[in-house]
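These numbers were taken from a predicted model, which means no experiment stands behind them.
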Protein chains: 2
Amino acid sequence: MRRTKKERQQLLSETIVENPFVTDEQLATQFQVSVQTIRLDRMELAIPELRERIKDVASKTYENEVKSLPIDEVIGEIIDIELDQRALSIFDVKEEHVFQRNGIARGHHLFAQANSLAVAVINDELALTVHANITFVQPVHAGDRVITKATVVERDEVKQRTKIEVVSTVNGETVFAGEFDMYRTKG
Amino acid sequence: MRRTKKERQQLLSETIVENPFVTDEQLATQFQVSVQTIRLDRMELAIPELRERIKDVASKTYENEVKSLPIDEVIGEIIDIELDQRALSIFDVKEEHVFQRNGIARGHHLFAQANSLAVAVINDELALTVHANITFVQPVHAGDRVITKATVVERDEVKQRTKIEVVSTVNGETVFAGEFDMYRTKG
DNA sequence: TTGTTATTAGCACTTGGTACTAACATCAGT
DNA sequence: ACTGATGTTAGTACCAAGTGCTAATAACAA
């Protein structure tokens with residue numbers, strides 16, 4: 001045995017999770033065992049055959065097509081909202097959001113969270129950012145949990161504008177602040 | 001013939017686009033023709049077999065998983081740059097960048113392009129956005145090609161600040177403008 | 001030595017096809 | 001009515017990537 005059965009099965013699981021498009025034959029070559037052994041392994045691990053795996057991936061896309069887009073509309077997770085008044089969202093900064101060089105979050109992610117919260121708080125189908133004045137007060141790092149609060153401070157129904165103040169904090173400290181001028185269709 | 005060949009093939013295309021998981025046999029039943037006819041139809045229409053269709057759907061998910069997460073790396077393609085002076089980038093707005101509801105590009109994508117260009121133009125390892133004053137002049141839609149120009153307008157070596165003006169245009173018309181205040185380590 | 005577990009081999013069968021050949025059916029034009 | 005083009009159906013051999021099953025062999029431990 002090149003490896004123990006357990007080891008092989010562990011690696012097998014990982015390999016298939018990583019790349020569901022791999023055939024039993026490819027796996028057999030990779031692990032230097034027979035195709036039959038791979039099949040037995042899949043049985044024991046209750047891993048479906050290639051075609052089923054691919055179908056699963058594909059059908060999940062089809063489900064997600066309806067679900068993931070609306071979720072995507074907001075950067076960060078909204079945890080509280082009172083339309084036309086205030087809203088609160090959380091955004092966990094991960095490795096993929098920071099500059100590799102210095103580990104500091106890229107500005108546009110903080111902006112994205114703030115901006116989408118500003119859009120979300122407005123009780124209207126159409127809300128667009130017209131103007132924004134923003135300040136990056138302190139650098140944010142991977143692992144930080146950014147809590148962002150948007151507050152509607154002014155509403156001009158004639159001009160169809162709404163002014164929103166947004167403040168983002170990490171551990172109570174302000175890291176980002178901005179004033180957003182939003183346009184809306186319904187006054 | 002229940003329908004003409006053309007009609008059937010038209011419906012066939014639509015059916016498969018709508019539900020790529022349908023087999024030739026199901027299609028044959030649905031259109032009251034033989035499986036062979038369906039196969040010939042697929043040939044003429046260059047529609048791949050079920051398994052290939054499913055694989056396509058599945059692999060697109062896998063591509064997207066890599067593509068959709070990086071709202072991070074370089075937003076837009078930098079086509080010209082003179083460090084500490086000016087830079088130019090192009091960003092093609094696609095379906096995934098706009099609000100489903102109204103087809104207008106979400107503000108943070110335009111901001112992201114402008115912001116990363118501002119970061120890129122600075123000849124320094126560490127460049128951070130401190131403050132930004134931005135205006136979304138006109139809505140941008142899917143299919144638009146946004147050309148963004150960043151120009152360094154002021155540099156304070158003592159305060160380690162650099163002021164950059166950014167203007168984004170679509171077909172020569174300004175759609176976004178901003179002033180970015182950047183911090184840098186090397187004066 | 002015997003028993004257990006692990007591995008390999010081989011065969012028949014399945015799905016959803018491809019590739020190819022051949023037989024018909026239908027209708028249009030002359 | 002005959003010919004030809006087009007459309008449809010049938011049938012065969014073959015393929016990939018399996019399942020399900022039986023049987024042989026290897027490795028090791030008690």
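As a whole-Å value, the separation of A:L27 CG from D:dG18 C1' is 13 Å. Across the protein-nucleic acid pair, B:K55 atom NZ and D:dG18 atom P stand 11 Å apart, rounded to whole Å. Across the protein-nucleic acid pair, B:D24 atom CG and D:dT8 atom C1' stand 15 Å apart, rounded to whole Å. The distance from atom CD of A:Q26 to atom P of D:dA16 is 13 Å, rounded to the nearest whole Å. For A:L50 and C:dG16, the CG to P distance is 14 Å, given to the nearest whole Å. Separating the CZ atom of A:R53 from the P atom of D:dG18 is a distance of 6 Å, rounded to the nearest angstrom. The nearest whole Å value for the distance from the CG atom in B:L12 to the C1' atom in D:dG7 is 15 Å. In this structure, A:K6 places its NZ atom 13 Å from P of C:dT7, rounding to the nearest Å.
Between A:R161 and A:D156 no salt bridge is recorded (no basic side-chain N to carboxylate O distance below 4.0 Å). Using a 4.0 Å cut-off between charged nitrogen and carboxylate oxygen, B:R184 and B:D84 count as a salt-bridge pair. Salt-bridge annotation for A:E44 and A:K5: present, with a side-chain N of the basic residue lying under 4.0 Å from a carboxylate O of the acidic one.
Rotation axes derived from the C1' atoms of the five outermost pairs at either end of the helix from C:dT1-D:dA30 to C:dT30-D:dA1 lie 10° apart, to the nearest 10°.
Judged by distance alone, the side chain of B:N19 and the main-chain N or O of B:I16 form no donor-acceptor pair under 3.5 Å.
Side-chain contact of A:T151 with A:E165: a donor-acceptor pair under 3.5 Å is absent, judged by distance alone. B:Q30 and B:Q26 share no donor-acceptor pair across their side chains, judged by distance under 3.5 Å alone.
Aromatic ring pairs are classed by plane angle as parallel below 30°, tilted from 30° to 60° and perpendicular above 60°; the pair B:F176 and B:F136 is perpendicular.
The minimum heavy-atom distance linking B:V121 with B:I164 is given by the pair CG1-CD1, 3.5 Å.
Both A:Q36 and A:E25 lie near DNA chain D, and the one whose nearest nucleotide falls closer to the 5' end is A:E25.
Below the 3.5 angstrom threshold, one finds a donor paired with an acceptor across the side chain of B:R51 and the base of C:dG16.
Of the candidate nucleotides D:dT9, D:dT8, C:dA6, D:dT9 has the atom lying nearest to any side-chain atom of B:S34.
For DNA chain D, the neighbouring residues in residues 37-49 of chain B, judged by any heavy atom under 4.0 Å, are B:T37, B:L40.
Sorted by first then second residue, the salt bridge (charged side-chain N to carboxylate O under 4.0 Å, His left out) pairs that include residues 22-32 of chain A, not counting sequence neighbours, are A:D24-A:R39, A:D24-A:R42.
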